[in-house]
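First comes the structure, then the notes that go with it.
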Amino acid sequence: MRSIAMPQLLRQFSSFTGVGLVATSVHYSILIGLVELAHAAAPPAALAGSIAGAIVSYALNRRHTFRSHLPHRRAGGRFALVAVGAAALTYLFMTLFVKVAGAPYLPAQVATTGIVVLWTFLAHRLWTFV
């Protein structure tokens, strides 16, 4: 693993957080739209939102957060695997929080997002874009 200066790590994490806010806005818009307007169940709606957010996240993180020059084929494939893991975690935690624990879907999604963001930052920083 390569050494990384603390200022660069902080820049990456703050950029990752900003990109995450944009991607999360896409995710939540789709989640809320599907649940409230299309009357979809929360776990599959969260999964659909997660996939759309992942597409936004890849484009912005590749260019701005990690400033990767890896070919899209390599970085995109790795990103897709991390995104599938994130989507699976999202579905799992939303199911646990909403179906098992009976929590309202929006607070459940906020808690789920907090769990998933830490995992995805580490995965992208250590594997996807290097």
**Request:** May I ask you to check whether over 12 heavy atoms, not counting those of R63, lie within 6.0 Å of atom CZ?
**Result:** no
**Asked** Any side-chain heavy atom of W127 within less than 4.5 Å of one from L81?
**Response** yes
**Request:** Please round to the nearest 0.5 Å and tell me the distance separating atom CG of L89 and atom CE of M94.
**Result:** 13.5 Å
**Request:** Can you label the angle between the F79 ring and the H124 ring as parallel, tilted or perpendicular, going by 30° and 60°?
**Result:** parallel
**Prompt:** Less than 4.5 Å apart, any side-chain heavy atom of T120 and any of V116?
**Reply:** yes
**Prompt:** Taking all atoms of both residues into account, what is the closest heavy-atom pair of A42 and V35, and its distance?
**Reply:** CA-CG2, 4.0 Å
**Request:** Could you list all the side-chain hydrogen bond (donor to acceptor under 3.5 Å, both in side chains) pairs where at least one residue sits in residues 98-107, not counting sequence neighbours?
**Result:** E36-Y105
**Prompt:** L60 versus T65: any side-chain heavy-atom pair under 4.5 Å?
**Reply:** no
**Prompt:** Shortest non-hydrogen contact from V130 to R74?
**Reply:** O-NH2, 3.6 Å
**Prompt:** If you round to the nearest 0.5 Å, how far is OH of Y91 from OG1 of T112?
**Reply:** 12.5 Å
**Asked** How close do T90 and S50 get, heavy atom to heavy atom, and via which atoms?
**Response** OG1-OG, 4.0 Å
**Fill in**
Here the ring pair (Phe, Tyr, Trp, His ring centres under 6.0 Å) pairs for residues 10-45, sequence neighbours left out, are F13-F121, F16-F121
**Item:** Validation row: I32, L106 side chains within 4.5 angstrom (heavy atoms)
**Value:** yes
**Item:** Student check: side-chain heavy atoms of R78 and Y58 closer than 4.5 Å
**Value:** no
**Prompt:** Does some side-chain heavy atom of V56 sit less than 4.5 Å from a side-chain heavy atom of V22?
**Reply:** yes
**Request:** Check for a donor-acceptor pair, side chain of S14 on one end and backbone N or O of R11 on the other, with a separation under 3.5 Å.
**Result:** yes
**Request:** Mind listing the closest non-hydrogen atom pair of A86 and W119 along with its distance?
**Result:** N-CZ3, 3.6 Å
